[in-house]
2 protein chains.
Amino acid sequence: MEISTKFTVAVHVMTLLALNKDKELTSAYLAGSVNTNPVVIRRIMGQLKQADLILTKAGVAGAVLTRSPEDISLLAIYRAVIQQPTLFGMHQDTNLTCTVGATIQQALEGHLLAAQQAMEASLANVSLADIIASIHVLTNEKK
Amino acid sequence: MEISTKFTVAVHVMTLLALNKDKELTSAYLAGSVNTNPVVIRRIMGQLKQADLILTKAGVAGAVLTRSPEDISLLAIYRAVIQQPTLFGMHQDTNLTCTVGATIQQALEGHLLAAQQAMEASLANVSLADIIASIHVLTNEKK
DNA sequence: ATAACTTGTAACTATAATGGTTACAAGTAG
DNA sequence: CTACTTGTAACCATTATAGTTACAAGTTAT
């Protein structure tokens, strides 16, 4: 199963906040851009707030980023909304009387962690500012 | 959601096949080591066979690897059983009248692909032989 | 104080995915 | 023929995902 779209929706939301930092965007407005229900946006924003990536205020529109886009990595956003320590599921309760059954998890875990970290390092290397730059390029392309 | 345990179970199975290449292991035996139902093993083995990683014969126990463990990467096993072209789910049907809505997928896709490929490259760098070596180390450790 | 708007959260819903089980057809070997 | 094996379909319970509805609490303007 693919990693939840929550992640890309969160990037979408944060991009909008960054590009409209002089405006107070409502969750309804953000939901309109994403084409989803405002509650979905609010949930995600709750997570982003929990992770100190944005500031929000009950009853008041206009969430703001806590940092500049250059200082917000895709990894930080991923961590905020996916909240899953490990990428690979590992089967459990193997037969310990079998040599492989007794050791397979340990034999695998370091390698799986390395693969996960490679993915995470790649995400850490991309900032929200990079996404915004891409959007500017794409927007000019479309004209 | 974590990547399905099918992947680690598949590695488990192939490890057993490699370590017992002089024996005809049944799916029941493999299931015993994994501690699951033989049908689960058979399904996975169907996929491994489809991907030319093992050879099986209807009615006859004793699946064999098609290549030596050094020539079988974790990535090949992952591809055989997970069968999912993209790692990250991307929200669709965004609002095209919004600049961000119109461009976010394209702005993100290259970066997400890079993260996926980083993970895959890491898996490609680990062979079944590496897992077997780890198991030998761990087995000697346990004595 | 009130109305309109906003955020935040719970509960519900439909669907898909996961990981298991049961059943059995088809194939194999003795 | 019998016992065993693989291969596959169908079923099941649970969990996850992504949406909806409802509404309490907070804010702002009048």
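Below, chains carry the letters A, B, ... as their sequence lines are ordered, and counting in each starts from 1.
In this structure, A:Glu24 atom CD and D:dT27 atom C1' are separated by 13 Å, rounded to whole Å. Taking atom CD1 of A:Ile3 as the reference point, atom P of D:dT17 lies 11 Å away to the nearest angstrom. Rounded to whole Å, atom P of D:dG7 lies 7 Å from atom CE of B:Met45. The distance between atom CD of A:Gln92 and atom P of C:dG19, rounded to the nearest whole Å, is 12 Å. Across the protein-nucleic acid pair, A:Leu25 atom CG and C:dT7 atom P stand 10 Å apart, rounded to whole Å. Atom CG in A:Leu30 sits roughly 16 Å away from atom C1' in C:dC5 (whole-Å rounding). When rounded to the nearest whole Å, the span between NZ of B:Lys49 and C1' of D:dT5 equals 13 Å. Atom CG in A:Asn37 sits roughly 9 Å away from atom C1' in D:dT21 (whole-Å rounding).
Applying the 4.0 Å criterion to OP1 and OP2 of C:dT18, one finds that B:Ser4 has every side-chain N and O outside that range. For the pair B:Thr26 and D:dC4, the criterion of a side-chain N or O lying under 4.0 Å from OP1 or OP2 is not met. Considering only side-chain N and O atoms, B:Ser27 lies nowhere under 4.0 angstrom from the phosphate OP1 or OP2 of D:dT5. For the OP1/OP2 pair of C:dG8 and a distance below 4.0 Å, the side-chain nitrogens and oxygens of A:Thr56 include at least one atom meeting the criterion. Side-chain N/O atoms of A:Thr5 include none lying less than 4.0 angstrom from OP1 or OP2 on D:dT17.
Nucleotides of DNA chain D nearest to A:Thr36 and A:Gly59 differ in position, and the one nearer the 5' end is that of A:Thr36. If A:Arg42 and A:Glu2 are placed on DNA chain D by their nearest nucleotide, the residue sitting closer to the 5' end is A:Glu2.
Among the nucleotides D:dT20, D:dG7, C:dT22, the one closest to the side chain of B:Ala58 is D:dG7.
In this structure, the side chain of B:Thr94 engages the main chain of B:Gly101 through a donor-acceptor pair within 3.5 Å. Formation of a donor-acceptor pair under 3.5 Å by the B:Gln50 side chain with backbone atoms of B:Ala80 is not found in this model. In this structure, A:Asn140 contributes its side chain and A:His136 its backbone to a donor-acceptor pair below 3.5 Å.
Between the side chains of B:Glu2 and A:Thr86, at least one donor N or O sits under 3.5 Å from an acceptor N or O.
Among the heavy atoms of the strands lying under 4.0 Å from B:Val40 is at least one base atom, whether or not backbone atoms are also near.
Classification of the A:Phe88-B:Phe7 ring pair by plane angle, with boundaries at 30° and 60°, yields tilted.
Taking 3.5 Å as the limit, the base of D:dG19 and the side chain of A:Arg43 contain a donor-acceptor pair of atoms between them.
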